[in-house]
Amino acid sequence: MPVLDSGARMWDWVTFLWNLKSRGVDTNELFLYASIVVDTIWRARNDKSVGTQVWSPPLEDWVKINCDVKVGGDTICAVAIARDHNESALWVAVKRLHFFDPLAGEAAACLLAMETAVSLHHPFVLVESDSEIVIKNLKGDDSIWGIENYVRHCKLLSTFMTNCNFSCIARSCNYAAHNVAKWAFANNVTGMVEISTIPINIFCNDYEV
């Protein structure tokens, strides 16, 4: 979903399944089966797109959050940018971290994305990072002690969503998050950032500003 040119959306499908209850269908079992099917499809899709070379918008009803960090001195600036299926920026979250471990910083950026998504009640979330190591840990394909705490918290937060997936994107396609991290670091910006205050030219996906 959505079925192109049909106007159908994810919630239409959920409503259709729910309404089958009036026809005597066991909707608890049906939703469990449907959830397993959707999760399997998304996992297969993400496995095929590890290190994808092109940034693409999410499906309708989904939010894609790109993460990155800027390391400088003994601090790290972690950034998460959420965009919808129209490629419109929904929000930008920034957090200054007082350590300088880049890998831990990348994991912390993903946690920032998850914390913000849960606080804003996004039901369908795709988190992208150019750190293949972090994404492998989030997907359960690897385990590194140094970022275990971040990974555990991300997985816990994912249970508050209807569906959540993690995907690796090539660094050359993650420049929007990269550029915003540089800008936020240089301007000492933290917290939820008003989109209008960010220079529009740094939201590009395919080149560094």
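Both backbone and side-chain heavy atoms feed into the values below; hydrogens, waters and symmetry mates do not.
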If I compare all heavy atoms of [X] with all of [Y], which pair ends up nearest, and what's the gap?
X      : Y      : result
Ala104 : Ile147 : CA-CG2, 3.9 Å
Ala109 : Cys67  : O-SG, 3.6 Å
Met161 : Cys164 : SD-CB, 3.7 Å
Phe124 : Asp61  : CD1-O, 3.5 Å
Ala78  : Leu112 : O-CD2, 3.7 Å
Val54  : Cys173 : N-SG, 3.4 Å

Determine which pairs satisfy salt bridge (charged side-chain N to carboxylate O under 4.0 Å, His left out) with at least one residue from residues 105-115, sequence neighbours left out, and list them in order.
none

Is there any salt bridge (charged side-chain N to carboxylate O under 4.0 Å, His left out) pair reaching into residues 155-166, and which pairs are they, with sequence neighbours excluded?
none

Side-chain donor-acceptor pair under 3.5 Å between Asn163 and Trp62, yes or no?
no

Looking at [atom1] of [X] and [atom2] of [Y], how far apart are the two atoms once the value is rounded to the nearest 0.5 Å?
X      : Y      : atom1 : atom2 : value
Ser56  : His85  : OG    : NE2   : 13.5 Å
Cys168 : Leu138 : SG    : CG    : 11.0 Å
Leu90  : Ile195 : CG    : CD1   : 8.0 Å
Cys77  : Asn188 : SG    : CG    : 8.5 Å
Leu157 : Leu111 : CG    : CG    : 6.5 Å

Begin with the C-alpha distance, continue with both residues' side-chain angles, and end with the deciding distance and a verdict on side-chain contact (heavy atoms from CB on, under 4.5 Å) for Leu103 and Ser131.
CA-CA 8 Å; Leu103 182 60; Ser131 174; 3.9 Å; yes

Applying a strict under-4.5 Å side-chain criterion to I, L, V, M, F, W and Y, I'd like to know whether [X] and [Y] cluster together.
X      : Y      : value
Phe185 : Val94  : no
Val71  : Val180 : no
Ile135 : Ile133 : yes

Using modelled atom types only, decide if a donor and an acceptor are shared between the side chain of [X] and the backbone of [Y] within a distance under 3.5 Å.
X      : Y      : result
Asn165 : Val127 : no
Asn187 : Val189 : no
Lys136 : Ser143 : no
Thr197 : Glu194 : yes
Asn137 : Ile144 : yes

What pairs of donor and acceptor atoms, side-chain ones from residues 198-209 against any protein atom, are under 3.5 angstrom apart with sequence neighbours left out?
unit_1: Asn205; atom_1: OD1; unit_2: Arg83; atom_2: NH1; d: 2.8
unit_1: Glu208; atom_1: OE2; unit_2: His178; atom_2: NE2; d: 3.0
unit_1: Glu208; atom_1: OE2; unit_2: Lys182; atom_2: NZ; d: 3.2

Contact check, side chains of [X] and [Y], non-hydrogen atoms, under 4.5 Å:
X      : Y      : answer
Ile65  : Ile81  : no
Lys64  : Val125 : no
Trp55  : Ile169 : yes
Asp68  : Val79  : no
Met114 : Phe166 : yes
Lys95  : Thr190 : no

Are Arg171 and Asp130 within salt-bridge range, i.e. N to O under 4.0 Å?
yes

One pair to check against side-chain contact (heavy atoms from CB on, under 4.5 Å): Thr75 and Phe100. What are the steps and the verdict?
CA-CA 5 Å; Thr75 63; Phe100 53 91; over 6 Å; no

Name the orientation class of the two ring planes belonging to His122 and Trp91 (parallel below 30°, tilted from 30 to 60°, perpendicular beyond 60°).
parallel

Any residue meeting salt bridge (Lys or Arg N to Asp or Glu O under 4.0 Å) with Arg96, in chain and number order, not counting sequence neighbours:
none

What do you reckon, is CG of Leu97 surrounded by more than 12 foreign heavy atoms closer than 6.0 Å?
yes

Please identify each residue that fulfils side-chain contact (heavy atoms from CB on, under 4.5 Å) with Ser88, with sequence neighbours left out.
Asp84, Asn86

Residues which pass side-chain contact (heavy atoms from CB on, under 4.5 Å) with Leu17, listed by chain and number, not counting sequence neighbours
Trp13, Leu20, Leu30, Phe31, Ala34

Going through the distances and angles, do His98 and Asp74 end up as a side-chain contact (heavy atoms from CB on, under 4.5 Å)?
CA-CA 6 Å; His98 297 287; Asp74 58 353; over 6 Å; no

Would Lys70 pass as a cation-pi partner of Trp183, given that its NZ or CZ must be under 6.0 Å from the six-membered ring centre and within 45 degrees of the axis?
no

